[in-house]
Amino acid sequence: MTVSAPSHRTQFLVITCTLALLVAVPVVAASGLRHAEAKPSGEMAFSDSSERPSGQLSAAIPGVEALAAPAAPVPRSGLAQAAVDAAQGTAGSATELAVAVLDRETDELALGARGGEPYYTASLSKVLVAVDVLDRRRLDGLAVADADITLLNRALGPSDDNAMNALWSRFDGAGAIGRVSSRVGLTGTTAPRDPSQWGEVSMSAEDTVRTWQYLLEDMPTADRDLLASAMDAAPARAADGFNQAFGLLAPAVDGPDAPGAVAKQGWMCCFSGKYYIHSTGAVGGDRRFLMALLARVPRAPGWEAARQEMTRIATAAVQATA
């Protein structure tokens, strides 16, 4: 039988089909690549899991490499020490300042020269008692009435001393100091020599930031929010009439255009002719920096001078973390 030569039309069809195949192959490959990249795991789909490469695209697509996920930004280190240095550099020569700053992102703790030295707490002891009451309610079944929660709010927000007196008596405040120290791992905190004087609890700046860390990270959400909300609602004028909008609660730190802070303040007179004035808390919307600024200052210049100095100290410390 005689085989005739292909016609021009047949040759044209063969060439056209060949070209179509050449174009289709990379399109199909690219389409497969797009589907593979859309998978949440960053891997291509395989019918047999044993054939799935670890974190890489199939070698069946030459010249294509897996795209690595962008690395999370590394937090800046050294900011806690910068804050301590700024605070100490701002304090007056007659001011005995104890500073501790904890960066919760890097876990860096920086202490000033007096950071481990115990200071009388004044109203900072109210935080210790509040933590103890809520912990014992959760762990030991301690009966805590709504009226007691109101007392906690009054003691922490307006810093009401009458509310603290009631809590101290009702819930064994003197014993709370040892219980919280054991639970949190505090090493520079002791109960007052006179069990009735809660303002004379002794506590270091380091222990103060450790207590804040426990409150924010280890207490259940409901308890943490109760305490933080009470302090966050602190009015500028305390229950005893003292202006507590200083330090971390001054407008330069906690104002509308400032980083913001949730804080507990302390003030007390007089031992060895000095005022005790403290500002402690968590700074920023993310509460990254925990700061304890404890000070003993001469009485002669007066309370307003003491408040202004603590505001300068706190402002310098917070600005050093920006």
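Atoms considered below: every heavy atom in the structure, side chains included; atoms not considered: hydrogens, waters and symmetry mates.
- Considering only heavy atoms from C-beta on, Ser204 stays 4.5 Å or farther from Tyr119 through its side chain.
- Atom CZ of Arg287 is separated from atom CG of Leu215 by 9.0 Å, given to the nearest 0.5 angstrom.
- Arg307 contributes no side-chain N or O that, together with a main-chain N or O of Ile277, makes up a donor-acceptor pair within less than 3.5 Å.
- There is a path of hydrophobic side-chain contacts, each under 4.5 Å, that joins Val209 to Met231.
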(Q) side-chain contact (heavy atoms from CB on, under 4.5 Å), that's the test. Do Arg288 and Val283 meet it? Break it down for me. (A) CA-CA 6 Å; Arg288 173 176 172 177; Val283 176; over 6 Å; no
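- Using modelled atom types, one finds no donor on one side chain facing an acceptor on the other under 3.5 Å when comparing Gln244 with Ser159.
- When all heavy atoms are compared, the tightest approach of Asn243 to Ala236 is OD1-O, 3.4 Å.
- Residues Leu248 and Ala261 come closest through the heavy atom pair O-CB, 3.5 Å.
- Proximity of Asp148 to Phe171: side-chain heavy atoms (C-beta onward) are separated by under 4.5 Å at one or more points.
- Here Arg312 does not pair with Glu309 in a salt bridge; the nearest charged N to carboxylate O distance is not below 4.0 Å.
- Between Met291 and Val253, every side-chain heavy-atom pair lies at or beyond the 4.5 Å cut-off.
- In this structure the side chain of Leu151 reaches within 4.5 angstrom of the side chain of Arg170, judged on heavy atoms.
- Here the CE-CG distance, from Met219 to Asp135, works out to 4.5 Å after rounding to the nearest 0.5 Å.
- Heavy-atom neighbours of Asp194 CG from other residues, nucleotides or ligands within 6.0 Å: above the threshold of 12.
- Connection of Val297 to Met310 is established within a shared hydrophobic cluster, with ILVMFWY side chains joined at heavy-atom distances below 4.5 Å, either directly or through further cluster members.
- Side-chain contact between Lys274 and Glu96: present, with at least one pair of heavy atoms (C-beta onward) separated by less than 4.5 Å.
- Counting only heavy atoms from C-beta outward, the side chains of Leu102 and Asp107 approach each other to under 4.5 Å.
- Taking the six-membered ring for Trp and thresholds of 30 and 60 degrees, Trp267 and Phe246 have ring planes more than 60 degrees apart, a perpendicular arrangement.
- To the nearest 0.5 Å, the span separating CD on Glu117 from CG on Leu97 amounts to 11.0 Å.
- With rounding to the nearest 0.5 angstrom, the CZ atom of Arg179 is 8.5 Å from the CG atom of Asp140.
- Note: the hydrophobic cluster containing Leu294 does not contain Leu111 (ILVMFWY, side chain heavy atoms under 4.5 Å, direct or indirect links).
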Q.
For Thr208 and His278: C-alpha separation, side-chain torsions, deciding distance, then whether side-chain contact (heavy atoms from CB on, under 4.5 Å) applies.
A. CA-CA 11 Å; Thr208 303; His278 312 318; over 6 Å; no
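- A donor-acceptor pair shorter than 3.5 Å cannot be found between the side chains of Asp161 and Trp198.
- Ala239 approaches Arg154 most closely through the heavy-atom pair CB-NH2, 4.2 Å.
- Looking at heavy atoms from C-beta onward, Leu134 lies in side-chain contact with Leu152 at the 4.5 angstrom threshold.
- Side chain of Asp207 to main chain of Gly188: a donor-acceptor pair is present (N/O by atom type, distance under 3.5 Å, no hydrogens or angles).
- The environment of CZ in Arg138 is crowded: more than 12 heavy-atom neighbours from other residues, nucleotides or ligands sit within 6.0 Å.
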Q. Does the pair Thr315 and Thr311 meet the rule for a side-chain contact (heavy atoms from CB on, under 4.5 Å), with working shown?
A. CA-CA 6 Å; Thr315 302; Thr311 295; 3.9 Å; yes
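- Transitive grouping of hydrophobic side chains (ILVMFWY, heavy atoms separated by less than 4.5 Å) keeps Leu290 and Leu293 in distinct clusters.
- Between the side chain of Glu206 and the main chain of Ala100, no donor-acceptor pair closer than 3.5 Å is present.
- Listed here is the closest heavy atom pair of Thr106 and Ser77: CG2-CA, 4.4 Å.
- A distance of 9.5 Å separates OG in Ser125 from CE in Met203, rounded to the nearest 0.5 Å.
- For the atom pair CG (Leu216) and CG (Asp225), the distance works out to 9.5 Å, reported to the nearest 0.5 Å.
- In terms of heavy atoms, Leu142 sits closest to Val133 at CD2-O, 3.9 Å.
- Residues Phe242 and Met268 do not share a hydrophobic cluster, defined by chaining ILVMFWY side chains whose heavy atoms lie under 4.5 Å apart.
- The two atoms that bring Ala317 and Ala87 nearest to each other are CB-CB, 4.2 Å, heavy atoms only.
- Side chains of Thr190 and Ile177 form no contact here, defined as non-hydrogen atoms less than 4.5 Å apart.
- Using a cutoff of 4.0 Å between basic side-chain nitrogens and carboxylate oxygens, Asp132 and Arg183 are scored as salt-bridged.
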Q) Should Leu79 and Val101 be marked as a side-chain contact (heavy atoms from CB on, under 4.5 Å) after you check the CA-CA gap, both sets of side-chain angles, and the distance that decides it? A) CA-CA 9 Å; Leu79 297 180; Val101 178; over 6 Å; no
